[in-house]
Enquirer: 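Mind having a look at this structure? Questions to follow.
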2 protein chains.
Amino acid sequence: MDKHIALAVFESLSSGLRLDVFRLLVRSGPDGLVAGEISAALDVTPTNLSFHLKALTQAGLLTVTQEGRYQRYRADLPLMQKLITYLTEECCGGNPECCFDISASRKTADTNP
Amino acid sequence: MDKHIALAVFESLSSGLRLDVFRLLVRSGPDGLVAGEISAALDVTPTNLSFHLKALTQAGLLTVTQEGRYQRYRADLPLMQKLITYLTEECCGGNPECCFDISASRKTADTNP
DNA sequence: TCAATATTTCAATAATTGTTGTACTATTGA
DNA sequence: TCAATAGTACAACAATTATTGAAATATTGA
């Protein structure tokens, strides 16, 4: 992952509202949600939500598909995975000894041994 | 990791300059760098750098120790590890099937099989 | 066809964040 | 002790980002 892509992701998730939107869509699974459902769930005006959905989509964190007059948004999990890989490499790049700790934290996050 | 801590990290890394500072300090290893070295390396005015160092430190991404009249900054790798864990859990929480992909990306990032 | 619905675009404004220069504090070394 | 150095704090300003309301676009269902 290129640095400027990582930066775009950080910029996107640096707003509490956008982070809420993204987390909501992650929890909503593969079906995602249409804009109105997000607006209702988070109690944001449609105009403001649209502004933030656009930012998240342009950063690649969301995908949109039109369904009639609805716009369905989904979280782009693969990009998040790439970000995790990037962060791991950034941390370990010059510091091999740091990788041990990261590998330990991965074990903690894992469900199966 | 609490959501508002993750948000603080995202906010910190949402500036190109702050991301550069953090990456520089990660690459600099356990000894870190003093403020003047960072200022010279990135060609930022001391005042402006101080502003961003403060932001990074308050978010917990950097630690500072005084050495005489110098201030030595180091990247806080454990926090980054916690962020990676958080992101992994956020992504996989409601979507177990997503974990397979993340586990695949982890293998790619791993150096040993 | 047409009123209702879903969402976005645009312009105006509010709020936040980034940058610069000057002044200040603390420490060193002569 | 005192001039030089390292860094931060503060205030002013510039620039960016967030929020709102009104208007526009597109789609549906009656």
Side-chain angles (χ1 to χ4, degrees), chain A residues 3-25 28 31-76, chain B residues 3-25 28 31-76:
Chain A
K3 178 197 137 187
H4 81 267
I5 295 179
L7 184 57
V9 173
F10 288 134
E11 280 169 353
S12 286
L13 298 179
S14 71
S15 143
L17 178 49
R18 283 194 298 267
L19 186 53
D20 285 342
V21 169
F22 182 75
R23 297 191 334 141
L24 176 63
L25 286 172
S28 299
D31 288 347
L33 294 172
V34 300
E37 292 172 323
I38 303 171
S39 179
L42 300 179
D43 195 29
V44 197
T45 63
T47 302
N48 195 21
L49 178 63
S50 186
F51 171 82
H52 291 292
L53 286 173
K54 190 177 175 184
L56 285 161
T57 304
Q58 282 175 348
L61 279 164
L62 303 185
T63 60
V64 214
T65 53
Q66 183 163 1
E67 292 184 0
R69 64 184 130 174
Y70 302 89
Q71 301 289 122
R72 183 167 296 274
Y73 288 89
R74 296 180 174 86
D76 186 305
Chain B
K3 178 198 138 186
H4 81 268
I5 295 179
L7 184 56
V9 173
F10 288 135
E11 279 168 355
S12 287
L13 299 179
S14 71
S15 143
L17 178 48
R18 284 194 298 267
L19 186 53
D20 285 342
V21 169
F22 182 75
R23 296 190 335 140
L24 175 63
L25 286 171
S28 299
D31 288 346
L33 294 172
V34 300
E37 292 171 323
I38 302 171
S39 179
L42 300 179
D43 195 29
V44 197
T45 63
T47 301
N48 194 20
L49 179 64
S50 185
F51 171 82
H52 290 293
L53 287 173
K54 190 177 175 185
L56 284 162
T57 304
Q58 282 175 347
L61 279 165
L62 303 184
T63 60
V64 215
T65 53
Q66 184 163 0
E67 290 184 3
R69 64 183 130 174
Y70 302 90
Q71 302 289 123
R72 183 167 296 275
Y73 288 89
R74 294 179 174 89
D76 186 304

Enquirer: Dump every N/O contact between nucleotides 9-15 of chain D and the protein below 3.5 Å, one line per pair.
Expert:
from, atom 1, to, atom 2, distance (Å)
D:dA9, N6, B:T47, OG1, 3.3

Enquirer: Could you state the atom-to-atom distance from CG of B:L13 to P of C:dG18 in whole Å?
Expert: 12 Å
Enquirer: Rounded to the nearest 0.5 Å, how far does CG of B:L24 lie from OH of B:Y73?
Expert: 13.5 Å
Enquirer: Just how far, in rounded Å, is C1' of D:dA18 from CG of A:L17?
Expert: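 Taking CG of A:L17 and C1' of D:dA18, I get 10 Å after rounding.
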Enquirer: Between D:dG7, C:dT8, C:dT20, which one does the side chain of B:T45 approach most closely?
Expert: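 Within the option list, the nearest is C:dT20.
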Enquirer: Distance check needed: C:dT17 P versus B:L19 CG, whole Å only.
Expert: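 After rounding, the reported distance stands at 18 Å.
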Enquirer: Do the side-chain N or O atoms of A:Y73 get closer than 4.0 angstrom to the phosphate oxygens (OP1, OP2) of C:dT8?
Expert: yes
Enquirer: Calculate the interatomic distance between B:I38 atom CD1 and D:dT8 atom C1'; express it in whole Å.
Expert: 14 Å
Enquirer: Please lay out, stage by stage, how A:L17 and A:N48 fare under the test side chain to side chain contact (heavy atoms under 4.5 Å, CB included).
Expert: CA-CA 10 Å; A:L17 178 49; A:N48 195 21; 4.0 Å; yes
Enquirer: Taking for each residue the nucleotide of DNA chain D bearing the nearest heavy atom, is the 5' side occupied by A:S14 or by B:E37?
Expert: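 Final value for this comparison: B:E37.
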Enquirer: Is the phosphate of D:dT19, meaning OP1 or OP2, less than 4.0 Å from a side-chain N or O of A:H52?
Expert: yes
Enquirer: Flag yes if more than 12 heavy atoms outside B:K54 fall under 6.0 Å of its NZ atom; otherwise flag no.
Expert: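 12 or below, so no.
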Enquirer: What's the separation between atom CG in B:L49 and atom CG in B:D43, rounded to the nearest 0.5 Å?
Expert: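 Separation between the atoms: 11.0 Å.
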Enquirer: Of A:S15 and B:P46, whose nearest nucleotide on DNA chain D comes first from the 5' end?
Expert: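 With A:S15 and B:P46 compared, the 5'-side residue is B:P46.
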Enquirer: Rounding to a whole Å, what distance do you find between A:N48:CG and C:dA14:P?
Expert: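 Rounding to the nearest Å, CG of A:N48 and P of C:dA14 are 16 Å apart.
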Enquirer: Using 0.5 Å steps for rounding, measure from the CG atom of B:D31 to the CG atom of B:L25.
Expert: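 Separation between the atoms: 11.5 Å.
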Enquirer: Test side chain to side chain contact (heavy atoms under 4.5 Å, CB included) on B:V21 and B:H52 and set out the steps.
Expert: CA-CA 9 Å; B:V21 169; B:H52 290 293; 5.5 Å; no
Enquirer: Could I get the full list of salt bridge (charged side-chain N to carboxylate O under 4.0 Å, His left out) partners for A:D76, not counting sequence neighbours?
Expert: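 Salt bridge (charged side-chain N to carboxylate O under 4.0 Å, His left out) check on A:D76 returns nothing, list empty.
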Enquirer: Below 4.0 angstrom, which residues in residues 61-72 of chain B have at least one non-hydrogen atom near DNA chain D?
Expert: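 Here the set is B:R69, B:Y70, B:Q71.
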Enquirer: Looking at every heavy atom in both A:V44 and A:S39, which two are closest together, and how far apart are they?
Expert: O-OG, 2.7 Å
Enquirer: Can you see if the side chain of B:R18 gets near the phosphate of C:dT17 - specifically, an N or O under 4.0 Å from OP1 or OP2?
Expert: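 No.
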Enquirer: Could you tell me the separation between the CG atom of A:L53 and the C1' atom of C:dT7, rounded to a whole number of Å?
Expert: 10 Å
Enquirer: Atom CG of A:L49 to atom P of C:dT7: distance rounded to whole Å?
Expert: 9 Å
Enquirer: Considering non-hydrogen atoms only, spot the tightest contact between B:S12 and B:A55 and give its length.
Expert: OG-O, 3.8 Å
Enquirer: To the nearest angstrom, how far is B:Q58 atom CD from D:dT8 atom P?
Expert: 12 Å
